[in-house]
There are 2 protein chains.
Amino acid sequence: MAFASSPAGPEVAPPDGRQRILDEAAALFLERGYAATSLRHIAAAVGMKAGSLYYHFESKEALLGEILRQGIAVMVEAFEAAEESTRGEPARVRTEAHVRAHLAALFENGPYTAAHVTSFRTAPDSVVAAIVPERDAYEARWTALLAELQRSGELAAETPIGLARLILFGAMNASVEWFDPERGSLDDFASEITRQFWVGVSAR
Amino acid sequence: MAFASSPAGPEVAPPDGRQRILDEAAALFLERGYAATSLRHIAAAVGMKAGSLYYHFESKEALLGEILRQGIAVMVEAFEAAEESTRGEPARVRTEAHVRAHLAALFENGPYTAAHVTSFRTAPDSVVAAIVPERDAYEARWTALLAELQRSGELAAETPIGLARLILFGAMNASVEWFDPERGSLDDFASEITRQFWVGVSAR
DNA sequence: GTCTATACCACGATAGAC
DNA sequence: GTCTATCGTGGTATAGAC
C-alpha cells in the first residue's frame with residue numbers, strides 16, 4: 001500500500017536492475033551457498049536469462065564481491081547508529097545496543113550481512129582479498145568499543161579484548177543457522193546474549 | 001618414528017582405502033566447501049582417479065553423509081570421555097572439560113567435526129535428513145548437562161538452557177574460522193571461553 | 001581395487017540480434 | 001537492457017579392461 005499510494009521515492013521503490021539481482025543472489029547464496037548457486041538459478045529468481053546478468057556484472061565472482069561489500073556496509077551503518085544513540089550511556093547498555101544492531105544487520109536489513117557471514121570463509125581468494133580491509137575496519141570498531149569499556153573500568157581488566165570479541169561474534173553470527181526472526185524476538189535475543197556475555201550463566 | 005619402529009597395529013597404521021578417502025575429502029570440504037570440491041580433486045589428493053572413488057562410495061552425497069556422521073561420532077566420543085573424567089566435580093570444572101572436549105573434536109581429532117560444522121548448513125536435504133537424529137542426540141546431551149548443573153544450583157536458574165547452549169555452541173564452532181591450534185593453546189582457549197560463559201566479562 | 005574411456009549434463013561466459 | 005544461441009570446460013557418474 002505504501003508503495004502504491006506514495007510518490008515514487010528511491011527509498012520505497014522496489015529494487016530494479018542491478019540491485020534486484022543483488023537481492024536475489026544474496027538470498028540464494030545465503031540459502032544454498034555460493035558455489036552451489038548457479039547464474040541460471042539467480043537469473044530465474046530475478047525473471048531473466050543467465051546471459052543478461054553480464055550486462056550488470058562482469059562475472060559471478062564480481063557479483064559475490066559486491067554482496068560481501070554491501071554486507072559490511074549494512075553492519076557498519078547499524079554500528080554507527082548504535083554509537084550515536086548510546087553516547088555516554090553505561091557500558092552494558094552500549095554493549096546491548098551494539099549487539100542489537102549487529103543482529104539487526106543479520107536479520108532485519110536484507111540478506112547481505114547474513115550472506116557475507118556465511119559465504120566469506122569459502123569465497124574465492126581474489127574476492128576475499130579485496131574486502132579484507134573493510135572487514136578489518138568493522139572489527140576494529142568493535143575492538144575499540146570494548147577497549148573503551150575496559151578503560152572506563154566497567155569491563156574486567158583481565159578479559160582479553162580480542163578473544164572476547166571473537167567469542168561474541170561467534171555467538172552472534174552462528175545464530176544465522178538457527179534463529180528465526182518470525183518466531184523469536186530479536187530484542188529478547190539481544191538482551192539475553194548480552195546478559196550472558198556480561199555477567200555469565202553462573203549462580204552467584 | 002612410532003610407525004616405523006612399532007609392529008603394525010590398527011591404531012597406528014596410516015589409513016588406507018575407504019578411510020583414506022574420507023580423510024582427504026573431509027579436509028577438502030572443510031577448506032573449500034562441499035559444492036566447490038570436485039571428485040577429481042578428492043581423487044587427486046588420495047592419489048587415484050575419480051572413477052575409482054565409486055568402488056568405495058555410491059555417490060558424492062553418500063561420501064558427505066559419511067563424513068558428517070563421523071564428525072558427530074568424534075564429538076560424542078569426546079563428550080563421553082569428559083563425562084567420565086569429571087563425575088562429581090563442580091559445575092564449572094565439568095563445563096570446562098566439556099568445552100575442551102568439543103574443541104578437541106574440532107581441532108585435534110581429524111577434520112571430521114570441523115567439516116561437519118562448516119558443511120552441515122548447506123548440505124543437500126537428503127543428506128541432512130539422514131543425520132539430524134544423531135545431531136539432535138548430541139545436542140540433547142549438552143542440554144541434559146546444563147540442566148543438571150542448573151538443578152544443582154550452580155548455574156543461574158533464570159538462564160534459559162536452550163539459548164545458553166546455542167550461544168556457547170556458536171562461540172565454539174565459529175572458532176573454526178579463526179583459531180589456529182599451531183599458534184594458540186587449546187587449553188587456554190577452552191579456559192577463557194568457559195570463564196566468559198560462566199562469569200562474563202563485566203568488572204564486579 | 002584401480003584404471004581408461006566416455007556419456008551426459010550443467011556450468012560460466014561471450015556474441016550478436018533485437 | 002534482455003534475448004537466443006552457443007562455446008569450451010569441468011562436473012558426476014558408468015562400463016568394462018586389467
Side-chain angles (χ1 to χ4, degrees), chain A residues 8 10 13-69 115 119 122-130, chain B residues 8 10 13-68 115 118-119 122-130:
Chain A
D16 64 323
R18 185 180 167 83
Q19 195 61 40
R20 172 81 196 292
I21 296 167
L22 289 165
D23 284 359
E24 299 290 349
L28 287 168
F29 290 169
L30 171 60
E31 189 188 327
R32 312 163 72 92
Y34 169 73
T37 302
S38 70
L39 293 179
R40 287 171 166 86
H41 195 154
I42 295 166
V46 177
M48 55 171 63
K49 300 295 180 177
S52 308
L53 295 173
Y54 286 85
Y55 175 80
H56 302 277
F57 301 94
E58 71 171 2
S59 69
K60 190 188 180 191
E61 290 196 1
L63 178 53
L64 174 63
E66 182 83 19
I67 286 168
L68 296 184
R69 295 180 79 249
S119 301
T122 54
D125 289 345
S126 60
V127 178
V128 168
Chain B
D16 64 323
R18 185 182 167 83
Q19 194 61 40
R20 173 82 196 292
I21 295 167
L22 288 165
D23 284 359
E24 298 290 349
L28 287 169
F29 290 170
L30 171 59
E31 190 188 327
R32 313 162 69 94
Y34 169 73
T37 302
S38 71
L39 293 179
R40 296 196 222 270
H41 195 154
I42 294 166
V46 178
M48 55 172 62
K49 299 296 180 177
S52 307
L53 296 173
Y54 285 86
Y55 175 80
H56 302 277
F57 301 94
E58 72 170 2
S59 68
K60 190 188 179 190
E61 290 196 2
L63 178 52
L64 174 63
E66 183 82 19
I67 286 168
L68 296 184
T118 55
S119 301
T122 53
D125 289 345
S126 60
V127 177
V128 168

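Throughout, a chain's letter reflects where its sequence line sits, starting with A, and its residues are numbered from 1.
Listed by chain and residue number, nothing satisfies the side chain to side chain donor-acceptor pair (under 3.5 Å) test with B:Glu31 (two or more places apart in sequence, or in another chain). Residues that satisfy the side-chain contact (heavy atoms from CB on, under 4.5 Å) test with A:Ala35, not counting sequence neighbours, are B:Ala35, B:Ala36. Not counting sequence neighbours, the partners of B:Ala26 by the side-chain contact (heavy atoms from CB on, under 4.5 Å) test are B:Ile67, B:Pro111, B:Tyr112, B:Ala115.
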Let me have a per-nucleotide readout for nucleotides 11-18 of chain D, 5' to 3', with B, S or -, counting only protein heavy atoms under 4.0 Å. BBBB----
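Applying the salt bridge (charged side-chain N to carboxylate O under 4.0 Å, His left out) test to every pair with at least one member in residues 13-25 of chain A, sequence neighbours left out, gives these pairs: A:Arg18-A:Glu66, A:Arg20-A:Glu24.
Computed from coordinates, the A:Lys49 NZ to C:dG12 C1' distance equals 17 Å when rounded to whole Å. Rounded to an integer number of Å, the gap from A:Ile42 CD1 to C:dC11 P is 11 Å. Rounding to whole angstrom units, CG of residue A:Asp16 and P of D:dG1 are separated by 9 Å.
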Show me the side-chain donor-acceptor pairs of residues 39-59 of chain A shorter than 3.5 Å, one per line, residues at least two apart or across chains.
| from | atom 1 | to | atom 2 | distance (Å) |
| --- | --- | --- | --- | --- |
| A:Ser52 | OG | A:Lys49 | O | 3.4 |
| A:Ser59 | OG | A:Glu61 | N | 3.4 |
| A:Ser59 | OG | A:Ala62 | N | 3.0 |

